[in-house]
Asker: 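Here it is, the structure, as structure tokens.
Bear in mind the structure is a predicted one, so any value in this text is a computation, not a measurement. In what follows, residues are counted from 1 in the order of the sequence shown. Scope of the values below: all heavy atoms of this structure, side chains included, with no hydrogens, waters or symmetry mates. Numbering of ligands and ligand atoms starts at 1, following listing order.
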Amino acid sequence: MRKKTREISQIFLNFFHKKKHKIIEGSSLLPYNDPTLLFTNAGMNQFKEYFLGHRKSPFPRITTIQKCIRVGGKHNDLQNVGFTNRHHTFFEMLGNFSFGDYFKKEAISFAWELLTEKFNLEKKKIFVTVYHTDKETYDIWYKDISLNKKNIIIIGDKNNIDYNSDNFWQMSDTGPCGPSTEIFYDLGSHLKGNILHNFGDRFIEIWNIVFIQFNKDFSGNLIPLSIKSVDTGMGLERISSVLEKVDSNYEITFFKELIEDISIFIKNRHVTHNSFKVIADHIRASIYLISEGVLPSNESRGYVLRRIIRRAINHGKILGEKKLFFYKLVKIYIKHINNIEKINLCKKYKFIKRIIKKEEEHFNIILEKGTILLNKEIKKLKTKNLPGEKIFYLYDTFGLSLSLIKDICMQKNINCDIQEFEKYMEIQKQKSKNNSVFNKKINIYYKNKISKFYGYTNFSIKSTVLDIYYNGSLVKKIKKGDKAEIILDITSFYGEAGGQIGDTGFLEKDKDNIFQVNNTKIKGNLIIHIGEMILGSLEINDALYSNINVSRRFKITRNHTATHLLHASLRQEFGTLIKQKGSLITEHYLRFDFSYQESLLLNDIFKIEKIVNNYIFQNISIKIYEKIKKEIKKEDNIISLHHNKYDDIVKIVDIKNISRELCCGTHVNSTNQIGFFMITKFLNIANGVKRIHAVTHNLALEYIQKKNNQIKIITNLFKTDEDKIIESIILYKKKNNILLNNIKELEKYILLKERKILLRDNIIINNINLIISRIYNFNPKLLHHIIKNLVNKFEKTIIVLSTKWEKKIFLIIKITKNISNFISAIEIISNNFDKNICKIGGCASIAQINTDINKDKYLFNLSKIRTFILNKINKSN
Ligand code: SER
């Protein structure tokens, strides 16, 4: 029975294979180079550029099974999961695609044939929706397929906004889109539902067929595409539920058995409880996200994963699970999947389990804190109403679930302001949607133009100006002083990509017309030269030389190859589970982030430095060659950070017997050109993510020389030999500690002595002890000690002490509170000292001043203060 879903996907792939579709693998869950998406949310994502006509697909027809995540961004189902029969955070989508090949008629006929002839669905139970302006599709269903009129439902736009419809599919806020026809299946009258009004479980949407015809740009305009394409998606869990004749996706064999095992494990046999759906769905999503290298964190993808894990843990609590349990479900989940996936996930099993366990432990601590905080908030309440803002804070920051907050409040008879909470949730949703669109302006550059990078070996080539952007708009010409973005047909400038920063240099038409390039970026298929016209002018179609700053490029190049060596060395030393999490390659240094759960010790860093330098000294040659990605085999052991472009021609950087990585950056020919490699920093930047900074060549030498120089200076300061410097420092520290102890002893002694002297000076007037004195060269901190000590001795006291210390004069006045009704410390100071000369601070019982030594005479005239105080005391009588 477990094979059910796999059998279905096999039938799907075979069917389309027979219809001349190339079967290829689904892409990674993490879209490559697509800032409009947080996660892969549909089978068509990886083909975006084919749909847009930016590149030609090597196969006109393709079919895939695609793993998708729909949390965050345009398609976000997280809150629905568990409470409907159909929603998942993670699911698999079966799809067939045509790129400028077949269109509406064939797409619909294929779907009909598969559903009615291979899956044997009852024809009269099949219903379809059609976009209201798409008469052609209506006619195909009605005339060619002979579907009953009442089974064809026309769907319009919501709120009268054009294309705002369930039958107009868009991948994201921008990008490929078009009208769709959705296929539904009637599960029977025992369930309620209506397609037109979009409610109930009776009619299940099983297939969405989209006719991709437009590119939606940043301003919301629909730009017709040069080719018409088809993108279809059938949720595997949904079609499985239909074919297994169950009412919910969570009742298909796969989920039924998984939930059964989870329920046995957590010893709660109420298997129809919604929380089981949540846990089963979320463990699946968590496992696949972590297996692709996403780690729980507070931003972006990591934040989504964190929310999924925490939501599942909260649902575990609802089911009565008090202990850590979620991480133990990884093993249970793996038991239920097919063999190929099992092999893949088993390799990462320990890692996935460890990440979830850590997060679970961390969350439990936060949960405890959050619950304490909630109880505090409740105590502080003046009414019986917990504001929505507070609920949201506890929910968002501490991950307390709404139901937990409600439960605790209910026990204490407190009402939760859910309406206000929902408002905050809405704001957050909006924020996360905006976050998924990292750089909305990208689309303005999507024209059907391409610029090519020729700069691997050419550092100056003749190019032609294709486009000039000035202030974000296309212009024909720019003149001296204009800051602009230039697009060339071919260029020697490398556009920032794969961590390597962009080139700088000059675009020179001739000696009188020069554009200075300060940075180079890639947008779509274009390489953008960003900079300023420093001489003359430039126009579209001008021919010029693109000249890069060669010495800067060499430095960057050395750092790039060194990054590959570093990556290889880390994998060699700590295992192949080390995953690159990010990198930056500049002319000054390289930065490499990677996931590694253990701590990194100085010895580990030395080992890595040694391995990398050994590779450099061995002078290993580096080969760069191109390969069709789909021909790359596992045994080739090629590290590929972004593996969804399998049918592209890719560049492989091959450092013989050391590393093979897919990479489009620039590299040295042989390792000894890197010269020398030194790690300058290593840090923990997030849970399980480490960061290394390193330098190469001259800068590595300079780094060593700088350190050496520091050692020499320290050695001189200690007047010792370099070899003995550590012993000297240890000895010095020991001596220093002894001296500090001696000083403390001396201070104690001085304090006692001074105290005695001061007590001798004490005069008593009207029952008030008055001590006014000056102590030479006395640490002002000690003055406070003395004052504390003296104050304790008498009931009513006024103490005035001054001293000279480190070129400053200090004066402190202390008055016991019981006489502050007629005399105050700050009053004495303000009346006797000028605040323009001294720094004055204090209150009624204690006040102080300090000033430079040259005010000496002025300050040490304590008799003035004495007179002031005596007058006050006399008046008080
Ligand atoms: N892209 C469409 C969807 O996800 C069809 O695959 O529904």
Asker: Would G233 count as a polar contact of ligand 1, with the cut-off being nitrogen or oxygen pairs under 3.5 Å?
Answerer: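 Min N/O separation from ligand 1 is below 3.5 Å for G233.
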Asker: Step through the shown structure and confirm whether more than 12 heavy atoms of other residues, nucleotides or ligands are within 6.0 Å of OH on Y142.
Answerer: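 No.
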Asker: Please report whether ligand 1 has a polar contact with N208, defined as an N or O pair separated by less than 3.5 Å (distance criterion only).
Answerer: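 There is such a contact, yes.
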Asker: Looking at ligand 1, does M234 have a heavy atom less than 4.0 Å from it?
Answerer: no
Asker: Looking only at protein heavy atoms, which one is nearest to atom 4 (O) of ligand 1, and what is the separation?
Answerer: R70 NH2, 3.0 Å
Asker: Please report the interatomic distance NZ(K20) to OG(S98), rounded to the nearest 0.5 Å.
Answerer: 13.5 Å
Asker: Tell me, please: is Q66 in heavy-atom contact with ligand 1, that is, under 4.0 Å?
Answerer: no
Asker: Is it the case that over 12 heavy atoms from other parts of the model lie below 6.0 angstrom from the CG atom of N120?
Answerer: yes
Asker: Give the residue, atom name and distance (to 0.1 Å) of the protein heavy atom nearest atom 1 (N) of ligand 1.
Answerer: D231 OD2, 2.7 Å
Asker: Does any non-hydrogen side-chain atom of T64 lie less than 4.5 Å from one of F47?
Answerer: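 In contact.
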Asker: What part of T232, side chain from CB on, backbone N/CA/C/O, both or neither, has a heavy atom under 4.0 Å from ligand 1?
Answerer: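 Near ligand 1, T232 shows its backbone, while the atoms from C-beta on stay back.
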Asker: Between Y102 and F110, does the ring centroid distance fall short of 6.0 Å?
Answerer: yes
